Amino acid sequence: MNETGGESLVIAFDDNRLLTELYGEHDSHLVRIEKELGIMATSRGNKLVITGEPEARRMADRVFKNLYGRLKRGQEVNQGEVDGAMRMATTTSGNAADKDDSSSRVMVQTKRRVITPRSQTQAKYIEALQQNELCFGIGPAGTGKTYLAVAVAVSMLLQKRVDRIILSRPAVEAGERLGFLPGDLKEKIDPYLRPLYDALYDTLPGEQAMKGIESGEIEVAPLAFMRGRTLANAFVILDEAQNTTPVQMKMFLTRLGENSRMAITGDPSQVDLPMGAKSGLKDALDILDDVPGIATVRFSDADVVRHPLVTRVVKAYNARERGLLDPRGQDTKR
């Protein structure tokens, strides 16, 4: 329940036991929200008094309601969730508040955690993954493209909507020549696939993930291993798709079998193919633009959910690519 008066807004909470987690250790969450939104938040018993500009108060109201709702559902609130709630609130204003509330209720249930979107684009992406047989997630590093695709795949496996998960990546070196790596085939290709394993172990208990890999219920393999196969009753994810060639991309897309879904993720700005080679991801996006049943969700630097410095790094590189900075990093508009 909210009370308004002058330059303040009062939010009343019905469970005082949740307020320690809501405000954070030593009020760290309160301090972070105050700094980012430009408001003052004062705790008075079960009430929180918000002072500041009207729009800032409205955003703070949505942030605290979002986070309190998580706690009421038994979910954790950490720094990442606080940043996500602020990102959701600051990208929605005025009459769009209802949409923000709806997006905050989008969630993915896995064995280890309940995953909710930390931006409006993430909410749109989760819905696209759940509703479409083929979904492209395009955008810069740190936006959750791969992580959310793996989470939705794990959720569908647990619900028995698919029989297996197949995770794949092209084995392309990121600007380095690694030479002849030691070990057997698995040991040679595992470094390329490590990000997929990381997402998998974050959504499933380690023992269950290992059991799934050993039984074949979960398969992690380089793209080259997909040729000649028909992937039925599976959730198939191709990560780092910008490093495929057009031939490889066509091969992968035509593996889709009965009762299967595909998620294809990539960052067109980080192509590691040889100079002059065309990216299969860009080619596919051009060809499949109007094909029914295919969803494409595009992330921007505003959707980066890693350390805040990553957001600033991505923005700086994007500005340089748009010609807004000279080679020394100075603003060309000065």
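Just so it is clear, the model here is predicted, and its values are computed rather than measured.
Salt-bridge check for D83 with R32: passed, with a basic side-chain N closer than 4.0 Å to an acidic carboxylate O.
The closest donor-acceptor contact from the side chain of R87 to the backbone of R118 lies under 3.5 Å. Side chain of S260 to backbone of A234: a donor-acceptor contact under 3.5 angstrom is found.
Enclosure of atom CE in M226 by more than 12 non-hydrogen atoms of other residues, nucleotides or ligands within 6.0 angstrom is indicated. Residue Q159 places its CD atom among more than 12 non-hydrogen atoms of other residues, nucleotides or ligands, all under 6.0 Å distant. The number of heavy atoms from other shown groups lying within 6.0 Å of NZ (K72) is above 12.
For the pairing with Q208, the side-chain contact (heavy atoms from CB on, under 4.5 Å) check across K111, R112, E217 returns one residue only, K111.
Ring geometry for F299 against Y125 counts as perpendicular: the plane angle is over 60°, on a 0 to 90° scale with 30° as the lower cut.
Atoms CE and CD1, on M249 and I287 in that order, are 10.0 Å from each other to the nearest 0.5 Å. Separation of atoms CD1 (I165) and CG (L200) is listed at 6.5 Å; rounding is to 0.5 Å.
Side chains of Q79 and E81: no donor on one and acceptor on the other come within 3.5 Å.
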Passes side chain to side chain donor-acceptor pair (under 3.5 Å), N16 versus N46? Steps please.
-> CA-CA 6 Å; N16 285 13; N46 72 322; 4.6 Å; no
